[in-house]
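A quick write-up on the structure given underneath.
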Amino acid sequence: MGRRIIVTSALPYINGMPHLGNLVGSILPADLYSRYLKMAGIEHIFICGSDQHGTPIELSAIRNNIGPEKFADMMHARTKRALEEMECDFTYYGKTHTEENKKAVYKLFEALDRNGYICSEEAVQAYCNFDKRFVPDRMIEGRCPYCAGTHARGDQCDDCGKLLDPQEIINPKCSICGKNEIEFRSTTNLALDLPKLSDGIVGFVDRIKGNISKNALNKTTSFVELGLKPRQITRDLKWGFTVPKKGFEDKVFYVWFDAVIGYIGITNEWSAKESEAYWMGSDTELVQFMGKDNIEFHTVIWPGILIGARQGYALPARIMVYEYLNSGKMKFSKSRGNGLNIENALEVMGAEQWRFVLSYLMPETSDTELSEDLIFEIVNKIMNDKIGNLINRAIVISSRNKTLLVGESVSTEIGNKLRTVLDGYVRNFENVKMRESLRCVVELADLGNEIMSAKMPWELAKCNDAEGFSAVMNDVLHICKYVGVMLWPYAPKAGSMILQNFGIKIEPQFGMLEDSLGFIPNNEPVQLFSKIGDKERDALMGFR
RNA sequence: AGCGAGGUAGGGUAGCUAGGAGUACCCGCCGGGCUCAUAACCCGGAGACCGGUGGUUCAAAUCCACCCCUCGCUACCA
């Protein structure tokens with residue numbers, strides 16, 4: 001029985017375009033892993049999509065004078081396009097506001113309700129009499145009762161930093177309409193009864209222990225140990241899926257609830273039949289990628305939903321959590337709205353370059369720094385000078401001296417070395433250490449460059465030493481072919497371009513490395529990537 | 001404030017789970033080599049009181065305690 005894997009990336013919330021932080025922290029690693037599975041011939045699907053509900057999107061739609069569905073679909077289309085330009089190769093990139101997802105949400109909700117895991121909670125919530133709607137705490141503005149500053153919001157005072165209760169605010173105003181027609185009303189919402197699910201969740205956490213990062217495990221453990229509390233799953237809003245329960249029909253499901261269930265709903269939309277085979281399969285491994293802001297949802301709440309519903313869906317087998325990419329000067333995931341998002345990042349340089357840089361710095365174990373200088377270093381020195389130049393010099397010299405190139409076997413020494421490095425590469429991917437795998441590719445490029453310098457094939461060519469020349473260049477060309485395959489997940493176009501020199505025109509598989517070399521002389525120089533310079537630097541500076 | 005993660009040569013990292021001479025990688029710097037190649041490549045070298053203090057130990061970057069600094073989560077903004 002083979003492995004069958006569902007790879008998911010946290011669904012980007014599309015109130016704004018995803019940032020480079022969103023990309024590096026979940027979508028890109030998921031894409032790399034999925035591409036690895038493809039090369040290894042392991043059956044899998046890669047599911048992601050746009051998270052479309054929630055107050056921020058509803059408010060943005062109001063600001064843009066269009067309906068929330070229209071706005072969400074527009075943002076979805078833009079996001080999808082940008083992610084595709086980033087060469088993210090999803091099996092299916094869907095969205096949460098679909099009939100299929102609604103069905104999935106209802107199915108799980110009704111099962112949870114039937115099984116007694118839904119309770120209700122009453123709370124006081126700000127209501128704007130002008131807008132005729134409940135208003136999130138964050139949207140209440142007024143004077144701070146402690147410091148008397150005027151920048152107090154319903155959750156916290158931006159002047160003194162003190163955490164506030166919205167009812168404490170003096171002269172509260174609704175920041176949607178700007179009027180002070182706020183009153184506080186009591187409202188009852190449904191909640192997921194996590195305390196009742198506690199045993200199941202603890203058991204789940206215990207099982208997944210070895211397949212989750214240290215940060216995530218510690219956070220999860222402390223979250224559970226502090227005592228689980230019911231988590232509300234409905235809101236007094238209009239934008240979202242209406243709640244199919246008597247007395248709650250005027251409410252919608254809270255956005256996070258239909259977002260996590262979106263993994264299933266989106267797969268259903270892709271293919272109902274395949275979806276069932278994957279999600280209900282006993283040999284299915286669910287591998288989920290996300291940023292560290294998403295931990296509890298995936299390690300506690302989402303498994304809680306699946307366990308409580310008892311529908312037979314696969315629970316996560318592995319949860320990969322990424323830290324943050326920081327930048328002292330440039331803005332990434334930190335500030336919303338005006339940072340470097342994937343759309344304008346692509347205006348600065350190409351997808352392959354971003355994928356390479358972000359993979360090279362992937363924040364797997366700790367927050368990682370990204371600066372303009374580092375971007376330059378990686379693109380110019382590593383991608384171009386090491387990898388690009390090796391491929392070019394090897395192919396140019398081999399093609400120019402093709403009459404001297406006899407046989408196509410690799411030496412025992414290099415053959416062994418290649419196998420060792422490839423083993424390490426595969427092992428790193430199996431352990432989901434994509435940054436390390438990329439270092440394996442760079443290591444091979446270094447090896448190729450070292451051999452060229454040490455053996456000086458250009459001298460051998462001058463003496464017409466076909467045997468000597470072939471011995472060196474066949475080794476180097478083998479290295480190039482391995483580089484092509486191993487680079488492919490990170491930079492698919494460049495990887496494919498390398499492999500075309502070996503007659504490979506389809507997506508690579510590891511098995512192709514067992515075939516004969518198949519080098520095709522090519523008198524054109526090979527320009528895999530290009531360097532970046534002042535133009536790109538200026539463009540990057542523009543996002544400071 | 002609580003919880004979590006981190007602080008390792010000028011910059012960016014790995015090493016810490018199962019202690020063994022500061023061990024490694026990339027960039028930068030210095031010196032040399034090469035000229036097939038994208039002014040690229042190769043070799044050698046300098047450069048670190050492993051955040052601080054104390055402890056355990058024959059031995060600590062690694063384990064323990066306390067302290068300092070950075071970041072994140074604790075918000076009805078997934």
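Naming convention: chains lettered A, B, ... in sequence-line order (proteins, then strands); numbering from 1 in each chain.
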Roughly, in whole Å, what's the span from [atom1] in [X] to [atom2] in [N]?
X      : N     : atom1 : atom2 : answer
A/N101 : B/A78 : CG    : C1'   : 13 Å
A/E296 : B/C73 : CD    : C1'   : 7 Å
A/E377 : B/G12 : CD    : P     : 11 Å
A/L59  : B/C76 : CG    : C1'   : 12 Å
A/R231 : B/C76 : CZ    : P     : 8 Å
A/N15  : B/C76 : CG    : P     : 17 Å
A/N380 : B/G28 : CG    : P     : 10 Å
A/N428 : B/C25 : CG    : P     : 17 Å

For [N], the Watson-Crick or wobble counterpart (both distances under 3.5 Å):
N     : answer
B/U17 : none
B/C63 : B/G55
B/G10 : B/C27
B/C36 : none
B/G2  : B/C73

Looking across every strand, which nucleic acid part, if any, lies under 4.0 Å from [X] by heavy atom: base, sugar-phosphate, or nothing?
X      : result
A/I382 : sugar-phosphate
A/E436 : nothing
A/N294 : base
A/L374 : sugar-phosphate
A/F297 : base

Atom [atom1], compared across [N] and [M]: separation rounded to whole Å:
N     : M     : atom1 : result
B/G32 : B/U70 : C1'   : 41 Å
B/C58 : B/U13 : P     : 37 Å
B/C3  : B/C50 : C1'   : 27 Å
B/A48 : B/U8  : C1'   : 7 Å
B/C67 : B/A1  : P     : 12 Å
B/A78 : B/C73 : P     : 13 Å
B/U23 : B/C41 : C1'   : 27 Å
B/G44 : B/A24 : P     : 12 Å

ask   = Any side-chain heavy atom of A/I182 sitting closer than 4.5 Å to one from A/C128?
value =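 The answer is yes, as the side chains (C-beta and beyond) meet within the 4.5 Å cut-off.
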
Rounded to the nearest 0.5 Å, what separation is found between the [atom1] atom of [X] and the [atom2] atom of [Y]?
X      : Y      : atom1 : atom2 : result
A/F109 : A/T234 : CZ    : OG1   : 8.0 Å
A/I233 : A/N189 : CD1   : CG    : 9.0 Å
A/Y93  : A/I47  : OH    : CD1   : 12.0 Å

| Whether over 12 other heavy atoms sit under 6.0 Å from A/D534 CG |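 No, not enclosed.
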
Quiz item: Between B/A78, B/C76, B/C26, which nucleotide has the shortest distance from any of its atoms to the side chain of A/Y360?
Solution: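 Output: B/C26.
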
Sub-6.0 Å ring centroid separation between A/F241 and A/H97 =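 Yes, the ring of A/F241 comes within the 6.0 Å limit of the ring of A/H97, centre to centre.
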
Less than 4.0 angstrom from a charged side-chain N to a carboxylate O is my criterion; do [X] and [Y] meet it?
X      : Y      : answer
A/E58  : A/R133 : yes
A/E443 : A/K417 : yes
A/D385 : A/K531 : yes

In residues 232-243 of chain A, which residues come under 4.0 Å of RNA chain B by heavy atom?
->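 Going residue by residue through residues 232-243 of chain A, the ones with a heavy atom under 4.0 Å of RNA chain B turn out to be A/Q232, A/R235.
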
Using OP1 and OP2 only, check whether a side-chain N or O of A/R435 sits under 4.0 Å from B/A14.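 Affirmative; the distance criterion is met.
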
Requested in this report: Decide side chain to side chain donor-acceptor pair (under 3.5 Å) for A/Q52 and A/D258; before the verdict, give the C-alpha distance in whole Å, the side-chain angles of both, and the deciding distance to 0.1 Å.
Outcome: CA-CA 9 Å; A/Q52 295 183 296; A/D258 61 68; over 6 Å; no

Exercise for review: Cation-pi check, A/R439 to A/Y360: give yes when NZ or CZ is under 6.0 Å from the six-membered ring centre and within 45° of the ring axis, no otherwise.
Suggested key: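 A/R439 over A/Y360 ring: yes.
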
In B/S/- notation (B base, S sugar-phosphate only, - none; protein heavy atoms under 4.0 Å), nucleotides 34-41 of chain B written 5' to 3' is SSBBB-SB

Parallel, tilted or perpendicular: rings of A/F429 and A/Y490 (30°, 60°) =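 Judged by the thresholds at 30° and 60°, the geometry between A/Y490 and A/F429 is tilted.
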
